[in-house]
Amino acid sequence: MDLATGTEVNYYFVCKHKLWLFTHGINMEHNSDYVDIGNAIHERSFQREDKEILLDGRIKIDFIKNQMETHETKKSKAMEEATKYQVLYYIYYLKTKGIENVTGILHYMDNHSKEEINLSEESEDEIKVIIEEINKIKSADKPPAIVKSRVCTKCSYYELCFS
């Protein structure tokens with residue numbers, strides 16, 4: 001089974017069409033004010049931490065604390081499910097590398113809240129299925145159909161999908 005990236009897991013929940021475009025080298029995020037805002041929040045938060053830990057060129061963890069906590073910082077809970085599974089994937093990925101008992105911490109900067117995420121046997125099984133589904137989408141000749149949702153207007157791919 002080919003493993004995914006954290007971004008791919010996130011996009012799997014946000015939009016499968018976007019996931020296919022992204023994995024085929026079509027990247028629109030350089031045009032997005034929303035992405036710029038997210039990057040600025042990421043840059044300004046937790047400045048004392050060693051950030052953007054890249055593992056195997058595959059996953060980029062915002063920062064790690066106490067050797068067993070992965071931390072992910074987001075502007076808001078708007079994409080809560082996608083963010084939760086992205087962190088679960090990071091924990092799963094570390095487990096495949098022999099690193100056990102890792103906890104994920106999600107930080108939502110708009111309301112200064114945080115949430116602890118742990119990998120259960122059930123969520124590990126879900127992650128395995130998600131990885132299989134991502135690989136099917138990536139290997140498809142054409143992108144999945146566009147499914148318009150409330151998040152589309154803020155997406156960096158909006159003009160590509162709807163012009």
Side-chain angles (χ1 to χ4, degrees), residues 3-19 21-23 27-97 99-131 133-134 147-159 161:
L3 291 175
T5 68
T7 301
E8 291 169 357
V9 171
N10 188 292
Y11 286 2
Y12 174 82
F13 286 93
V14 173
C15 175
K16 291 169 181 61
H17 188 82
K18 178 179 182 173
L19 168 63
L21 293 170
F22 176 79
T23 61
N27 189 340
M28 303 297 291
E29 295 195 339
H30 59 279
N31 296 348
S32 173
D33 291 339
Y34 295 106
V35 172
D36 291 342
I37 291 167
N39 288 337
I41 288 169
H42 176 72
E43 217 172 272
R44 291 186 182 131
S45 59
F46 303 102
Q47 290 181 342
R48 288 183 233 139
E49 302 299 335
D50 184 16
K51 294 195 268 184
E52 300 209 351
I53 312 301
L54 184 64
L55 302 174
D56 300 334
R58 182 170 300 282
I59 65 171
K60 191 185 298 184
I61 298 172
D62 283 358
F63 64 97
I64 297 174
K65 269 184 109 166
N66 304 327
Q67 298 178 352
M68 300 308 271
E69 289 179 356
T70 67
H71 291 256
E72 185 70 19
T73 306
K74 297 295 184 184
K75 178 180 176 277
S76 72
K77 286 188 172 190
M79 304 292 175
E80 187 173 15
E81 182 181 38
T83 302
K84 175 186 171 191
Y85 278 93
Q86 181 178 354
V87 172
L88 283 169
Y89 176 69
Y90 291 162
I91 298 168
Y92 170 79
Y93 187 86
L94 291 168
K95 185 176 180 182
T96 68
K97 298 292 186 181
I99 303 169
E100 301 275 345
N101 302 316
V102 175
T103 299
I105 307 291
L106 290 173
H107 299 271
Y108 297 107
M109 302 315 289
D110 65 343
N111 64 4
H112 304 287
S113 66
K114 66 182 180 178
E115 180 181 349
E116 184 175 305
I117 304 292
N118 291 292
L119 185 68
S120 66
E121 208 173 287
E122 181 182 328
S123 59
E124 185 173 341
D125 291 341
E126 288 179 89
I127 291 293
K128 290 175 184 176
V129 170
I130 291 164
I131 293 167
E133 291 295 316
I134 289 170
V147 178
K148 192 165 187 175
S149 75
R150 62 176 178 77
V151 301
C152 290
T153 57
K154 294 183 178 182
C155 178
S156 58
Y157 290 77
Y158 181 81
E159 288 183 29
C161 294

**Request:** Enter the distance from Lys77:NZ to Asn111:CG here, rounded to the nearest 0.5 Å.
**Result:** 6.0 Å
**Message:** Met79: which residues meet the side-chain contact (heavy atoms from CB on, under 4.5 Å) condition with it, sequence neighbours left out?
**Reply:** Val14, Ala82, Thr83, Val151
**Message:** Holding to side-chain hydrogen bond (donor to acceptor under 3.5 Å, both in side chains), I want the full list of residues that pass it with Tyr85, two or more places apart in sequence or in another chain.
**Reply:** Glu126
**Item:** Residues which pass side-chain hydrogen bond (donor to acceptor under 3.5 Å, both in side chains) with Tyr89, listed by chain and number, not counting sequence neighbours
**Value:** none
**Request:** For Glu116, check side-chain contact (heavy atoms from CB on, under 4.5 Å) against everything at least two apart and list the hits.
**Result:** Thr103, Ile105, Asn118
**Rounded distance [0.5 Å steps], CG in Asn10 versus CD in Glu72** = 8.0 Å
**Prompt:** In chain order, what residues pass the side-chain hydrogen bond (donor to acceptor under 3.5 Å, both in side chains) check against Glu115, with sequence neighbours excluded?
**Reply:** none
**Message:** Side chains of Leu3 and Tyr92, heavy atoms from C-beta outward: is any pair under 4.5 Å?
**Reply:** yes
**Asked** Is the closest side-chain heavy-atom distance between Tyr157 and His17 below 4.5 Å?
**Response** no
**Any residue meeting salt bridge (charged side-chain N to carboxylate O under 4.0 Å, His left out) with Lys95, in chain and number order, not counting sequence neighbours** = Glu124
**Asked** Residues in side-chain hydrogen bond (donor to acceptor under 3.5 Å, both in side chains) with Asp125, at least two apart?
**Response** none
**Request:** To the nearest 0.5 angstrom, please state how far the SG atom of Cys155 sits from the NZ atom of Lys148.
**Result:** 12.0 Å
**Request:** Flag yes if more than 12 heavy atoms outside Lys84 fall under 6.0 Å of its NZ atom; otherwise flag no.
**Result:** no
**Request:** Can you measure from CD (Gln86) to CD1 (Ile127) and round to the nearest 0.5 angstrom?
**Result:** 10.5 Å
**Request:** With rounding to the nearest 0.5 Å, note down the distance linking NZ in Lys60 to OG1 in Thr7.
**Result:** 8.0 Å
**Message:** Could you check whether any side-chain heavy atom of Leu88 comes within less than 4.5 Å of a side-chain heavy atom of Ile117, counting everything from C-beta outward?
**Reply:** yes
**Message:** Measuring from atom OH of Tyr12 to atom CD of Glu81, what distance do you get when rounded to the nearest 0.5 angstrom?
**Reply:** 9.5 Å
**Request:** Looking only at non-hydrogen atoms, find the nearest pair between Thr23 and Glu8 and report the distance.
**Result:** CG2-OE2, 3.4 Å
**Request:** Find out whether Tyr90 and Val102 are in side-chain contact, i.e. whether some heavy atom of one side chain is under 4.5 Å from a heavy atom of the other.
**Result:** no
**Prompt:** Can you name the nearest heavy-atom pair linking Val87 to Gly104, along with the distance?
**Reply:** CG1-CA, 3.6 Å
**Request:** Can you establish whether the number of heavy atoms outside Glu100 located under 6.0 Å from its atom CD is more than 12?
**Result:** yes
**Message:** The criterion is side-chain contact (heavy atoms from CB on, under 4.5 Å); which residues satisfy it with Leu55, sequence neighbours excluded?
**Reply:** Ile53, Ile59, Ile61, Tyr93, Leu94
